[in-house]
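Working notes, structure below.
Everything quoted here is computed from the prediction, not taken from an experiment. Order of listing sets the numbers, starting from 1, for every ligand and every atom in it.
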Amino acid sequence: MNLTPLRYISTRGHSPAVPISQAIAAGLAPDGGLYVPVALPSIDPDAFDPHGLLADTAATLLKPFFAGDPLADELPAICVEAFTFDAPLRPLPAHPDTLMLELFHGPTSAFKDFGARFLAACLRRLPRADTRPLTILVATSGDTGAAVAAAFHRQPGVKVVILYPDGLVSPRQAHQLGCFGDNVTALRVAGRFDDCQRMVKAALSDASLQAQVPLSSANSISLGRLLPQMSYYAHAALGWWREHGTPLNFIVPTGNLGNAMACLWVRATGLPIGEVRLACNANATLPDYFAGGDYTPREAVATIANAMDVGAPSNFERLRWTFPNETQLRELLHAHSVGDDTIRQTLTTHAREHHEVFCPHTATAMHELDRLHHSGDSRTWVVVATAHPAKFETVLEALLGHAIAIPPALGALLERPTKTTAMAADDGVFKHWLRGHAEAGPISTA
Ligand SMILES: *Cc1c(COP(=O)(O)O)cnc(C)c1O
């Protein structure tokens, strides 16, 4: 099959069309917009190997997205390298016709591992003219930083600098961020996530700094993270459809809208996905919009589902590009917001009544499922479990009164020593630090 090359344009419409590898290497489009395919391809459900693993589904699904690109031939190998762990779809015995898609079996126990590992596998294969190390900056509210650190740890020619808000991530998240060492540096910023994000943007948009220190980013706007996230939705939905002949409906815990966007793109390719619902914490920018209000980005508020503390969801531009008709979009998608009290209540009720434990982010989706069941909805829903509960021990152990068993991957990271560096929430101080960090010489991988 000869596929037509697929080009990528900016949501803002003022950047030249580029092949996928260029869009992945750049992250953000030069006009400040987000890269999107000129048109989403249609994909035949029968094109997939019914006995294939997640990596096989990913390679088939993403093939038209890489058509005509220098990375096209490498795509199957990239998928095998990135998807070394599964995304099991597990029935929830206590709730008829309800499943959980577990996305936390990767090295850092959150779904961010899928995207980070795929991005790293792509970047590793892309030629760079510059022989100096590339410094990848990542602002994180908890899970992204660890996933990116794990994916790029000891990769030659790459340094990773993580910025996270001091005191606003869980103790285990903080431990993970600092435990890699070697080419990874974790900066605990005396500020909030928005400060970390601003500092990264300030560095990336400083041309004179970039001339001295080659910089890139690994934030969720990168197609190198978004596209691979489509794989687990396609894999789950196709498996279910072959066996039952019906589409699956998904409830996705949502912050920056990267995970849910991937699900919506799978549906737009024609694969059997029914309704998609967004579950949000107290940061209600999207729920307010879907209730009919204007889109009003705002400052994030801190919640116990901290990886979803986003007031200005960065993928909103992609959502609007995908669904230009606002009336249709509002009919197509629903979003609900829950406060910390409801998250806590959902966690304790499910633990008490069904002996189920999940992370606070997953609880926002579980609450939405409870709501649907109470209203008599009997469709097959999938609750998307975005992180392992053991990452949020301080919230859960205080609430449930018992320890949460630690999965082996997380246990291995927690056993490593950890080291983080204090950083002021100041663009100038950060840029100065970056210059010094670049001069610190070759990366030790001892
Ligand atoms: C990042 C994250 C989310 C939010 O995902 P988005 O793609 O930003 O919408 C939800 N839950 C967990 C555990 C996360 O790490």
For ligand 1, list all ligand N or O to protein N or O distances below 3.5 Å, rounded to 0.1 Å.
from: ligand 1; atom 1: 7 (O); to: Gly258; atom 2: N; distance (Å): 3.1
from: ligand 1; atom 1: 7 (O); to: Asn259; atom 2: N; distance (Å): 2.9
from: ligand 1; atom 1: 8 (O); to: Asn256; atom 2: N; distance (Å): 2.8
from: ligand 1; atom 1: 9 (O); to: Gly255; atom 2: N; distance (Å): 2.7
from: ligand 1; atom 1: 9 (O); to: Asn256; atom 2: N; distance (Å): 3.2
from: ligand 1; atom 1: 9 (O); to: Leu257; atom 2: N; distance (Å): 2.9
from: ligand 1; atom 1: 11 (N); to: Thr386; atom 2: OG1; distance (Å): 2.8
from: ligand 1; atom 1: 15 (O); to: Lys112; atom 2: NZ; distance (Å): 2.6
from: ligand 1; atom 1: 15 (O); to: Asp143; atom 2: OD2; distance (Å): 2.6

Practice task
Taking ring-ring contact (aromatic ring centres under 6.0 Å, His included) as the test, write out the residues that go with Phe358, two or more places apart.
Solution key: His350
Exercise for the section: Please list, chain by chain and in numerical order, all residues satisfying side chain to side chain contact (heavy atoms under 4.5 Å, CB included) with Asn325, sequence neighbours excluded. Expected result: Thr327, Gln328
Exercise for the section: Kindly write out the residues that satisfy side chain to side chain contact (heavy atoms under 4.5 Å, CB included) with Asp195, not counting sequence neighbours, or none if the list is empty. Expected result: Arg192, Arg198, Ala425
Problem - ring pair (Phe, Tyr, Trp, His ring centres under 6.0 Å), paired with Phe250, selected from Trp240, Trp381, Tyr233, Tyr232 - result: Tyr233
Handout entry: Aromatic centroids of Tyr289 and Phe316 separated by under 6.0 Å
Key = yes
Practice task
Determine whether the aromatic ring centres of Phe85 and His105 lie less than 6.0 Å apart.
Solution key: no
